[in-house]
Amino acid sequence: QLRLVESGGGSVQPGGSLRLSCVLSGDTLDHYAIGWFRQAPGKEREGVSCIRNTYGQTYYRDAVKGRFTISRDPAKNTVYLQMNNLKREETAVYYCAAERSTSPYYCSAAVQIVGGSDFDYWGQGAQVTVSS
């Protein structure tokens, strides 16, 4: 059974930084696309970044380009999301999700579509609060 565990959430002032971690257990990271999603109160879930681990290809939603960086450590079976210059409106629960696929579809869709996702496996979420 695949399991995803996020950590690294917390509170930060506007303009601050946080790094989220997503540890995958039960399989090898290389087989998966891993996406980072967020859901703010009263809003639909949206993908912010994604990585196709088989190829190392990364994807970002336009709103976070230049501020967020997704990376991986295969030795730790972990994917990270470095978030810089955070904004108040980015307060949300952040989730990592996994899909066992090499297709570019899942990551492409994740960072363009709002509301739906085809990823099969989800973590429990990490709260990120951006407030002064």
Side-chain angles (χ1 to χ4, degrees):
Q1 180 74 20
L2 195 73
R3 187 172 178 229
L4 304 170
V5 178
E6 300 101 333
S7 61
S11 295
V12 65
Q13 292 186 343
S17 299
L18 283 173
R19 188 179 78 158
L20 302 178
S21 300
C22 174
V23 180
L24 185 149
S25 60
D27 204 341
T28 303
L29 191 62
D30 283 350
H31 298 155
Y32 290 84
I34 302 292
W36 283 100
F37 297 78
R38 64 188 179 192
Q39 187 164 20
K43 294 189 176 181
E44 292 185 285
R45 184 174 61 199
E46 64 177 11
V48 295
S49 187
C50 189
I51 184 167
R52 294 171 66 204
N53 281 288
T54 307
Y55 306 105
Q57 188 175 7
T58 59
Y59 300 72
Y60 298 93
R61 184 170 291 273
D62 285 347
V64 307
K65 283 180 180 177
R67 298 186 297 118
F68 288 16
T69 303
I70 192 169
S71 62
R72 60 183 177 165
D73 185 342
K76 297 181 178 180
N77 239 26
T78 300
V79 172
Y80 303 97
L81 184 68
Q82 177 68 43
M83 304 183 294
N84 297 330
N85 193 18
L86 282 160
K87 304 176 181 181
R88 286 187 176 85
E89 58 266 32
E90 294 179 313
T91 293
V93 179
Y94 284 70
Y95 300 89
C96 66
E99 179 65 27
R100 200 177 198 280
S101 174
T102 59
S103 169
Y105 163 77
Y106 293 94
C107 278
S108 293
V111 298
Q112 295 182 56
I113 295 172
V114 174
S117 172
D118 294 322
F119 283 68
D120 283 339
Y121 304 97
W122 292 81
Q124 82 286 357
Q127 177 68 47
V128 171
T129 301
V130 185
S131 174
S132 55

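Remember, predicted model here, so these are calculated numbers, not experimental data.
Tracing side-chain contacts under 4.5 Å through hydrophobic residues (I, L, V, M, F, W, Y), one never reaches Val93 starting from Phe68; they form parts of separate clusters. Tracing side-chain contacts under 4.5 Å through hydrophobic residues (I, L, V, M, F, W, Y), one reaches Tyr121 starting from Val48; they form part of the same cluster. Tracing side-chain contacts under 4.5 Å through hydrophobic residues (I, L, V, M, F, W, Y), one never reaches Tyr60 starting from Tyr106; they form parts of separate clusters.
Annotation: the span from Ser103 atom OG to Asp118 atom CG amounts to 10.0 Å, rounded to 0.5 Å. To the nearest 0.5 Å, atom CG of residue Leu29 and atom OG1 of residue Thr54 are 9.0 Å apart. Note: Ile51 CD1 to Cys107 SG = 8.0 Å, rounded to the nearest 0.5 Å. Between the OH atom of Tyr80 and the OG atom of Ser49 there is a distance of 15.0 Å, given to the nearest 0.5 Å.
Contact annotation: the side chain of Val130 never approaches that of Glu89 to less than 4.5 Å [non-hydrogen atoms, C-beta and beyond]. The side-chain heavy atoms of Glu6 and Leu4, taken from C-beta on, include no pair separated by under 4.5 Å. For the pair Gln124/Val5, a side-chain contact is recorded, criterion being any heavy-atom separation below 4.5 Å from C-beta on. Contact check for Ile70 versus Trp36: side-chain heavy atoms found under the 4.5 Å cut-off.
Between Glu90 and the choices Lys43, Arg61, Arg67, the salt bridge (charged side-chain N to carboxylate O under 4.0 Å, His left out) rule is met once, by Arg67.
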Working for side-chain contact (heavy atoms from CB on, under 4.5 Å), residues Asn53 and Arg72 = CA-CA 8 Å; Asn53 281 288; Arg72 60 183 177 165; 3.0 Å; yes
ask   = Does the pair Thr69 and Met83 meet the rule for a side-chain contact (heavy atoms from CB on, under 4.5 Å), with working shown?
value = CA-CA 7 Å; Thr69 303; Met83 304 183 294; over 6 Å; no
task = In sequence, state the C-alpha distance, the side-chain angles, and the governing distance for Ser117 and Tyr95, and then conclude on side-chain contact (heavy atoms from CB on, under 4.5 Å).
result = CA-CA 12 Å; Ser117 172; Tyr95 300 89; over 6 Å; no
task = Give the C-alpha distance, both sets of side-chain angles, the deciding distance and a yes or no for side-chain contact (heavy atoms from CB on, under 4.5 Å) between Asp30 and Arg52.
result = CA-CA 8 Å; Asp30 283 350; Arg52 294 171 66 204; over 6 Å; no
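If you check the side chains of Gln57 and Tyr59, you find a donor sitting under 3.5 Å from an acceptor. In this structure, a donor-acceptor pair under 3.5 Å is present between the side chains of Arg88 and Ser132. Defined by atom type and a distance below 3.5 Å, a donor-acceptor pair is present between the side-chain atoms of Asp27 and Tyr32.
Judged by distance alone, the side chain of Gln1 and the main-chain N or O of Gly26 form no donor-acceptor pair under 3.5 Å. Thr78 contributes a side-chain N or O that, together with a main-chain N or O of Lys76, makes up a donor-acceptor pair within less than 3.5 Å. Formation of a donor-acceptor pair under 3.5 Å by the Glu99 side chain with backbone atoms of Asp120 is found in this model. Side-chain N or O atoms of Glu46 include none that pairs as donor or acceptor with a backbone N or O of Arg38 at under 3.5 Å.
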List the atom pairs, with distances to 0.1 Å, where a side-chain N or O of residues 9-25 and a protein N or O form a donor-acceptor pair under 3.5 Å, not counting sequence neighbours.
unit_1	atom_1	unit_2	atom_2	d
Ser17	OG	Asn84	OD1	2.9

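Residues Trp122 and Phe37 place their aromatic rings such that the two centres sit under 6.0 Å apart.
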